[in-house]
Structures are given as structure tokens and as C-alpha cells.
Amino acid sequence: MISIRTIDKLPLKSGSRVFYRVDYNVPLEGTKITDATRIEETLPTIKLLRERGAALVVASHLGRPKGKRDPKYSLKPVLKQLSQLVGADVQWADDCIGPETEKKASQLGPGALLLVENLRFHEGEEENDRAFAEELKKLADFYVNDAFGASHRAHASIDALPRLYSKRNIAGGLLMAKELQFLQKVTHVSDRPFVALLGGAKIAGKIEPLEALVKTADAVLIGGGMANTFLAADGVNMGRSLVDRESMEVARRIASSGSRAQIILPLDLVIADSLDSPTKIRTVDVTGGVGAEEMALDIGPKTIQRFSGELKSAKTIFWNGPMGVFEKEQFAKGTVAMTRAVAEANATTIVGGGESVEAVKKSGFADRITHISTGGGASLEFISGAKLPGVEVLRK
Ligand code: 3PG
Ligand code: MG
């Protein structure tokens, strides 16, 4: 098990300055934040640090501006929302480093907050550059990381920066601790049966987590585009369905590896002649295959029943990836049904990754899930057993 240094161990005094690395890489429509979960989830840490008299220099990346200042990726839209959620004034710095920002940081009183502009406006961030980290370090005497969602990146604010501090002055925040606590219920399962439900468009990028899960889970239920590839690898005619041809060999290997988990594929599929303007939608058993001009867009009712049955008897559930094109109502049934089944299961339920989180939130069942990870790629890498740079540096 991984245990990290926690904020209660930091020798903070009133007015101590903390560099607070968060993952405020939130979805935006223009300057409107469409989902503020990643901000909300940091509030407990902010509250605790402020209660202890700390002043916070809050830093994050947003998008992938590739080392250049780009207004499209400004963190400015986060400023107002953060201030509202915290219920206090939050100051702004136009750059995450430099004399002006250092001055603003040095003037922060106990409990004050300063949000600094996108870390990725500097090349040094993604390059894990030590000189850039030295500049960041000038802003604070302590370092706290709650950016679990970015902790699989060996970037300066995640990796090089905490290494510049003495170990006693760095810690993981409450969100980081919570993520690790729950995701370790997947890597170190104690309550069985453990059922993993996997979907989403592609296999690529999910091979490692899949390989880990077939070794630890009792059953792995596969739906969505991922299932198409497994079915195609099994010789099922998939017509024009999205199939990740390059991963077919891997799918074949995983399916025949004699792993611990029983791999359960769809029994039936909802198929159509077109995604955008379907004229004919029908349900077919996989044994018959998909017509040459048709494509699989959701799991069918028999599959829903089979998967729901497995989830019902589970004691631990991990879910990543939708079961079909759930953005379209006609093809959302499978994903919605799985959301319900996961929510109703008498189990520890953990949802990781962007789209499945969206599905859970849309369905209104979010409060019945034990843990919804704020990390997409990070949660998948973590359950694969990979060492995350941002976590490793915080270990006791
Ligand atoms: C995410 O949204 O997955 C994290 O914020 C990491 O972002 P990245 O994939 O651009 O590194
Ligand atoms: Mg990402």
C-alpha cells in the first residue's frame, strides 16, 4: 500500500506560504466552466490550510498550450468561481513566475489566496525543468499537491518542484489522500467479488489497466467500442463499427490468457446504419454479427441484464468508459443502465475517467457512487500499477 505525507504533518505557522498545486484543468465552453468538480474537490484542503493560517499560492495547468502564452488557455475563468466557492477574495497573478508574482505572493497575509496563471504557458513545466521549478519555489515555503489528475505527468510543478523542498515541508492534500485511499481498493482488493466494467471508444491507452484488471478482478465486463475490438478479434463480423484494428492482437491475447477474471463480452448490440442520422436502429445477437453497412452503437438488453447481474453481486466495482455513444439518446440506454446498476450495487464503487464520470453525473446517481476520481489518465495509470511521479515524491 502507498502512504503519503499528509498536510497535518506540515509545520505550518500563521502566515506560512504554501504552493498549492491543483488540477483545475476544467472543461470550458468559451470562458464558462461546464463542470467545476475539480475545483469543488479542493475546497476541504483550502479550508484546512486557511484555518491553520496558511496563505495559498494556487497553481494549475489548463489544456495544452505547449509552453506558450495563449489566452484561450487562461486560468482567469477559474478565478471568479474559486472565489465564490471559497467565499473569500482570491487575488490574481498574470504569470506563475517572475518578480511581480513573487511580490504578490510575499504580501499575502494568513488565509489569503493568490491564483497564478497557467503553468503550461512556460516550456519548463512540461520539460520538468529544474530552473523553472526554482522560480516557482520562490513563491512559497511549503508545497502541497492535490493535483492527482496530473500526477502521472513528470512535470516541473509535480515532480521537480517538490524535490527542491525539504521532505518535511511537502505533503499531499486531502483530495490526493482520498484518491489514493479509494483507488487502492482497486489495486489491493479486499472485498470480493471484484467486478470491473470497461468501455469507451478505444483500447489503445487502456491496455495496461485492462491487463492489470484481468489479473485482479473476478469478472471484467467489456462494452462500448472496446468490446467491438474484442468481438472482431473473436471473429464476429462488426460491419462498419468502430474497431481498433491495431489492438486486435492484444485483445486476442488478453481474452485467451487464462487470467483470473472471467472476461464477459456483449451478448447483443444496438446497431444502426448511421450515427448522425440513423434510419434503421435494431438489436442483434452477436452470434449473427453486424450487417456490412451497419455499426454497433450500444449494448443490447440481454447484455444489460447480464452485466447488471454481475454488478449486483459485486462487493467492489471499478468502472471506466461508456457502453455506447451515450451522447445520443438512442444509444445511451446501456450506459444509463450501467450507471443505475453501479449506483444500486451494495458495493464499494469507484468510477474513473472523463466520459464515465460525465455519464454518472448526467444520470443523477453521482451521490450514490463511493468515489468518482478527478483523474482520467492518472487513475488508469494508477490502477495499472504504474508509479505516478507526483505520488512517488510524496511517499513517506
Ligand atoms: C487531465 O485532464 O487528464 C489532466 O488534467 C492532465 O492533463 P493532460 O492530459 O493534458 O496532461
Ligand atoms: Mg488528459
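Atoms within a ligand are numbered from 1 in the order they appear, just like the ligands themselves. Owing to the predicted nature of the structure, the values given are computational and were not obtained by experimental measurement.
For E126, the closest heavy-atom approach to ligand 1 does not fall below 4.0 Å. Not close to ligand 1: H155, with no non-hydrogen atom less than 4.0 angstrom away.
F148 and F382 have perpendicular rings, their planes meeting at more than 60° on a 0 to 90° scale where under 30° would count as parallel.
Grouping Ile, Leu, Val, Met, Phe, Trp and Tyr by side-chain contacts under 4.5 Å, direct or through others, puts L221 with V195, L197, I264, I299, I304, F307, L311, I317, W319, M323, M338, V342, V351, V357, V360, I369, I372.
Atoms of ligand 1 found under 4.0 Å from any heavy atom of G149 (numbered from 1 in listed order, with element): 4 (C), 6 (C). Each of the following atoms of ligand 1 lies closer than 4.0 Å to a heavy atom of R120: 7 (O), 8 (P), 10 (O), 11 (O). Shown in contact with H61 at under 4.0 Å from a heavy atom are these atoms of ligand 1, numbered in order with element: 4 (C), 5 (O), 6 (C), 7 (O). Under a 4.0 Å criterion applied to the non-hydrogen atoms of D23, ligand 1 contributes the atoms 4 (C), 5 (O). Each of the following atoms of ligand 1 lies closer than 4.0 Å to a heavy atom of R64: 8 (P), 9 (O), 10 (O). Near R153, meaning under 4.0 Å from one of its heavy atoms, ligand 1 places the atoms 8 (P), 9 (O), 11 (O).
Inclusion of H152 in the set of residues having an N or O under 3.5 Å from an N or O of ligand 1 is not warranted.
Looking at E293 and D273, their side chains never come closer than 4.5 Å, going by heavy atoms from C-beta outward. With a 4.5 Å cut-off on side-chain heavy atoms, L12 and V18 count as touching. Within the 4.5 Å cutoff, the side chain of H152 has heavy atoms near those of the E381 side chain.
The cationic atom of K137 (NZ for Lys, CZ for Arg) lies less than 6.0 Å from the six-membered ring centre of Y165 and within 45° of the ring axis.
With sequence neighbours left out, the side-chain hydrogen bond (donor to acceptor under 3.5 Å, both in side chains) criterion links S373 to E179.
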